[in-house]
Every structure is written in structure tokens, then in C-alpha cells.
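The structure appears below as C-alpha cells.
Note that ligands are numbered from 1 as they come in the structure, with each ligand's atoms numbered from 1 the same way.
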Amino acid sequence: MTHSRLLIVGPPGAGKGTQAAILADRLGIPAISTGDIFRSNISAGTELGLQVQSIVSSGGYVPDSLTNAIVEDRLGQEDALEGFLLDGYPRTPEQVVELDRILSATSSRLDAVVLLEADADEVVARLLKRAQEQGRADDTEDVIRHRQDVYQEQTAPLIETYDARNLVVRVNGLGTVEEVSGRIASVLGI
Ligand code: ADP
């Protein structure tokens, strides 16, 4: 089985970004994080950054029309043609449909969806720690709780969609970075 077109999903604070970087490196594919794309545009003060700044800092979701266009553009770049690991996309049912459309245009398909599971209290504690260390504008306690609610309402249901396609591999996200990355590698058989 090949593992070159992957998603990583999980609640805010489950450690997706960290694990995505490790996994993508191991597989020699780009890790594409929509959250990182938005944050770098916000800090660079681009037009996109100005459009999404208040949404991202309040923990809401950026409109699908904007997000979908960004992902389509990124997946069309040379380095993503043979494989990619998407982190933070798709997050809504409409984004699932859009990703299917983007992939079918190149006759490609997803190989697996890595679901990082983590307990809600644990992830709030982690995010508050990250807030102290990195000062992300969306890492205050109220905003964290809002992001968790939005995740439960809008993104958690997508797991059933991918489960029905037999793509989901579940990984316990608690433990050290190395423990979790070891679990991911082993469930993917890499
Ligand atoms: P985390 O993994 O901590 O939940 P991300 O870095 O993935 O956070 O995303 C940060 C913010 O960027 C989200 O709260 C949201 O405002 C915006 N965002 C990222 N990806 C998407 C997406 N696919 N659709 C809509 N908004 C998104």
C-alpha cells in the first residue's frame, strides 16, 4: 500500500502540526497546513491575511470559497503532484467535496486519513502552554473552547465520511512526540 496522499485530522491541540511535519519528512512529501498558510499571510499583511485575520483570531472557520481556492492552488504546485500531507483541511463537508473534485481532476485519490485522538482537558492544557510559549492570538482559553466547539460541530462528522471509505487510521495522540510519531509510522506500516 502506498501512503503518499494523506490527511491528518484531530481536535485543536492534538499535535497535528508537529506530527504532520515529522510524517511528511519521513515520506518525502510536503506538509500543507491551511492554518500555517493563513498565519503566514496574516503576519506578512497580504490581502488574504487582512481578509482572514479577525476570523482566525476568533477561532471561527475561514469561508470555504477562500480556503478551497488556496488548497487547489497549493496542491497544483510541482512538489505536491506525487503526494502530500494535508493538515487542517478538509474541515467542513463542502471542503470534502471540493478535495474529491480536486483529486479526481488528476485521477488521484487519498490513501489514508490519520486521526489523532486526544482528550479535551489534555488538549486545553497543551494549548494554554503553547499560548505562553508562542503567543498565538487564537490560543486564549475562550477562543480555544470556541475552536473545540466548532471542531465538534463541523469537523468531527467528517470522520464518519472517511470511515465509510475505510481510510481512517486512529492513533492515540497522548504521549511524547516520539511515541506518537512511532505509533503513526507503525499504523501506516512505514
Ligand atoms: P489547530 O490545528 O490548532 O486547530 P490550525 O492551525 O489548523 O489550528 O488552524 C487555525 C485557524 O485557521 C482555524 O481556527 C481557522 O480559523 C483557520 N483554518 C485553518 N484551516 C481551515 C479550513 N480548512 N477551513 C476554514 N478555516 C481554517
**OP:** Can you pull out the closest protein heavy atom to atom 23 (N) of ligand 1? Residue, atom name and distance to 0.1 Å, please.
**Re:** G88 O, 2.8 Å
Original post:
Are the charged groups of D139 and R147 less than 4.0 angstrom apart, N to O?
Top reply: yes
Subject >> Close approach of R130 to ligand 1, heavy atoms, under 4.0 angstrom >> reply: yes
Original post:
How does F38 reach ligand 1, by side chain, by backbone, by both or by neither, if only non-hydrogen atoms under 4.0 Å count?
Top reply: side chain
**OP:** Look at R165 together with D100 and state whether they make a salt bridge at an N to O cut-off of under 4.0 Å.
**Re:** yes
**OP:** Identify, for atom 20 (N) of ligand 1, the protein heavy atom at the shortest distance, and state residue, atom and that distance.
**Re:** T34 OG1, 2.7 Å
Subject >> Taking atom 11 (C) of ligand 1 as the reference point, the nearest protein heavy atom with its distance >> reply: V56 CG1, 4.0 Å
Subject >> Heavy-atom check, side chain of Y89 versus side chain of L7, under 4.5 Å >> reply: no
Subject >> Minimum side-chain heavy-atom gap I32-L75 below 4.5 Å >> reply: yes
Subject >> Contacting atoms of ligand 1, where contact means under 4.0 angstrom from a heavy atom of P12 >> reply: 4 (O)
**OP:** Using heavy-atom distances, let me know which of G35, G60, P11 sits nearest atom 14 (O) of ligand 1.
**Re:** G60
Original post:
So which bit of R136 gets within less than 4.0 Å of ligand 1, heavy atoms only: side chain, backbone, both or neither?
Top reply: side chain
**OP:** Ignoring angles and geometry beyond distance, decide whether R147 reaches within less than 3.5 Å of ligand 1 through its nitrogen or oxygen atoms.
**Re:** yes
Subject >> Test item: L48 and V52 side chains (from C-beta on) under 4.5 Å apart, heavy atoms >> reply: yes
Original post:
Any side-chain heavy atom of V114 sitting closer than 4.5 Å to one from Q19?
Top reply: no
Original post:
Are side-chain heavy atoms of P12 and I144 found at a separation under 4.5 Å?
Top reply: no
**OP:** Quick one: look at V62 and ligand 1, take heavy-atom pairs under 4.0 Å, and tell me if it's side chain, backbone, both or neither.
**Re:** both
Original post:
Which heavy atom of the protein is the closest neighbour of atom 2 (O) of ligand 1, given with residue, atom name and distance?
Top reply: K16 NZ, 3.1 Å
**OP:** Any atoms of ligand 1 less than 4.0 Å from a non-hydrogen atom of T67? List them with their elements.
**Re:** 22 (C), 23 (N), 24 (N), 25 (C)
Original post:
When you measure from atom 5 (P) of ligand 1 to every protein heavy atom, which one gives the shortest distance, and what is it?
Top reply: R91 NH2, 3.7 Å
**OP:** Search all heavy atoms of R126 against all heavy atoms of A14 and return the closest pair with its distance.
**Re:** NH1-O, 3.2 Å
Subject >> Flag, side chain of T92 to backbone of Q95, donor-acceptor distance under 3.5 Å >> reply: yes
Original post:
Can we say E72 and R101 salt-bridge, meaning some charged N sits less than 4.0 Å from an Asp/Glu carboxylate O?
Top reply: yes
Original post:
For Q95, is at least one N or O under 3.5 Å away from an N or O on ligand 1?
Top reply: yes
**OP:** If you have a sec, work out which protein heavy atom is nearest atom 10 (C) of ligand 1 and how many Å separate them, to one decimal?
**Re:** R39 NH1, 3.6 Å
